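Predicted, not measured: the structure shown is a model, and the values here were computed from it. Residue numbers begin at 1 in each chain, while the letters A, B, ... track the order of the sequences.
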Protein chains: 2
Amino acid sequence: MAHTASSDWEASAREALSAAGHRTGGAREAVVVQLAHQSCCLSAQEISDELRGKGKDIGLASIYRALDLLHEMGLVQRVEIGDGGARYEPVVPGGEHHHHAVCDTCGRVTAFEDDRLEQQLERLAGRLRHSMSGHDIVIHGDCARCARK
Amino acid sequence: MAHTASSDWEASAREALSAAGHRTGGAREAVVVQLAHQSCCLSAQEISDELRGKGKDIGLASIYRALDLLHEMGLVQRVEIGDGGARYEPVVPGGEHHHHAVCDTCGRVTAFEDDRLEQQLERLAGRLRHSMSGHDIVIHGDCARCARK
DNA sequence: GTGAATGCAAACTCTTTGCATGACT
DNA sequence: AGTCATGCAAAGAGTTTGCATTCAC
């Protein structure tokens with residue numbers, strides 16, 4: 001069975017958490033699993049809804065606490081796509097890294113990857129003498145479907 | 001006397017507003033002036049503080065309404081730098097266009113420009129068949145000053 | 001004079017915090 | 001057993017909205 005990026009992340013997140021002395025409770029564990037099974041960014045509310053759909057009724061506060069911790073540990077990235085709320089997605093070290101195009105009309109979020117963009121950003125950060133722990137790129141506009149109308 | 005990008009923006013913003021049938025009240029006018037005199041992004045609260053310092057006591061709600069309108073008209077861009085709040089900056093059509101590097105330690109925001117990055121993004125948007133009305137790039141990390149420590 | 005613009009206060013959303021309870025090691 | 005994790009409810013920050021008043025045209 002092939003390793004997937006998400007199961008790798010799930011395993012390494014669990015390992016990092018336990019190495020840092022954190023216990024394995026139901027709430028944080030559920031958040032880790034949910035994030036691992038998601039390809040793109042999720043808001044705290046969306047995580048809560050997804051989990052409730054699976055019969056796991058986790059308090060929103062615990063979800064925020066779990067996300068905070070994972071973010072501090074560098075295991076998730078915080079993404080803001082312009083709707084006033086925050087979203088989170090797993091950080092796979094050395095792995096796939098994507099950004100987001102948001103449709104101003106329908107609100108759909110499209111993920112995209114581009115190596116040249118990444119390289120350009122690395123170069124830029126060097127030029128600015130600004131270390132880069134992460135970066136967000138958000139494209140606003142109309143998606144292919146909405147632009148057609 | 002040389003034209004500056006900001007005074008151009010101020011004039012064109014005023015023109016666009018009056019062309020759209022908006023009256024010239026004190027609050028919106030003050031917001032336009034404040035934005036024009038600022039090189040980088042400002043939050044609603046910061047605009048309010050700046051204006052109060054100049055003796056203009058403008059209600060926060062009016063500032064938000066002015067920013068909303070300017071944003072809808074494409075005269076300002078909304079920027080989120082990861083602190084949970086929104087910032088706004090003038091959009092100078094065909095003019096200078098910059099992005100932001102945020103220091104995770106001291107919170108300072110550094111603006112930067114890069115033409116190749118812009119070109120790359122244009123190309124990318126075309127590839128995604130996603131029209132691009134705007135885009136944000138935020139680099140997170142430590143600024144030169146904080147990284148030294 | 002008429003309708004848009006403004007200010008205030010209340011409402012609203014997203015997020016964080018305090019505290020008592022429950023669960024992992 | 002001891003301590004961290006969790007849930008609930010309340011608090012907080014940022015933003016939006018309702019409504020009466022004021023002001024630009």
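- Here the P atom of nucleotide C/dA5 and the CG atom of B/L67 are 15 Å apart, to the nearest Å.
- With distances taken from any side-chain atom of A/L60 to the nucleotides D/dT15, C/dT15, D/dT6, the minimum falls on C/dT15.
- Taking side-chain N and O atoms only, B/Y64 has a distance below 4.0 Å to OP1 or OP2 of D/dT15.
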Requested in this report: Check the pair A/E46, A/R87 against salt bridge (charged side-chain N to carboxylate O under 4.0 Å, His left out), reporting the backbone distance first and the verdict last.
Outcome: CA-CA 9 Å; A/E46 284 166 349; A/R87 282 146 197 281; 3.3 Å; yes
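- Among the atoms of the strands shown, only primed sugar atoms or phosphate atoms (P, OP1, OP2) are found under 4.0 Å from some heavy atom of B/A27.
- Using a 4.0 Å heavy-atom distance criterion, B/G26 is classed as a sugar-phosphate-only contact.
- Whole-Å rounding puts the B/D68 CG to C/dA4 C1' distance at 16 Å.
- The CG atom of B/L70 sits 12 Å away from the P atom of C/dA5 (whole-angstrom rounding).
- Applying the 6.0 Å contact sphere to CZ of B/R129 captures no more than 12 heavy atoms from other residues, nucleotides or ligands.
- Between the CD atom of B/E46 and the P atom of D/dT15 there is a distance of 11 Å, rounded to whole Å.
- Checked against the 6.0 Å centroid threshold, B/H140 and A/H130 do not count as a close aromatic pair.
- Rounding to whole angstrom units, CZ of residue B/R28 and C1' of D/dC23 are separated by 13 Å.
- Contact annotation: B/T24 reaches the phosphate of D/dC25 (side-chain N/O to OP1 or OP2, under 4.0 Å).
- Spacing between atom CD of A/Q45 and atom P of C/dT13 amounts to 11 Å, rounded to whole angstrom units.
- Looking at heavy-atom distances under 4.0 Å, A/D83 makes no contact with the nucleic acid at all.
- Looking at A/R23, its side chain comes within 3.5 Å of the base of D/dT3 through a donor and an acceptor atom.
- Residue contacts for A/R65: at a heavy-atom cut-off of 4.0 Å it reaches a base atom on one of the strands shown.
- Side-chain contact annotation: B/H98 with B/E89, donor-acceptor N/O pair under 3.5 Å present.
- Considering only side-chain N and O atoms, B/H22 lies under 4.0 angstrom from the phosphate OP1 or OP2 of C/dA5.
- Distances shorter than 4.0 Å separate some side-chain N or O of B/S62 from OP1 or OP2 on C/dG7.
- Put simply, CZ on A/R87 is 10 Å from P on C/dT15, counting in whole angstrom units.
- A donor-acceptor pair shorter than 3.5 Å can be found between the side chains of B/H135 and B/H97.
- Distance A/K56 NZ to D/dT6 P: 12 Å, rounded to the nearest Å.
- Between A/A61 and A/L69, the residue whose closest nucleotide on DNA chain D is further toward the 5' end is A/L69.
- Nearer to the 5' terminus of DNA chain D, by closest-nucleotide assignment, is the contact made by A/E29 (compared with the other of B/G84 and A/E29).
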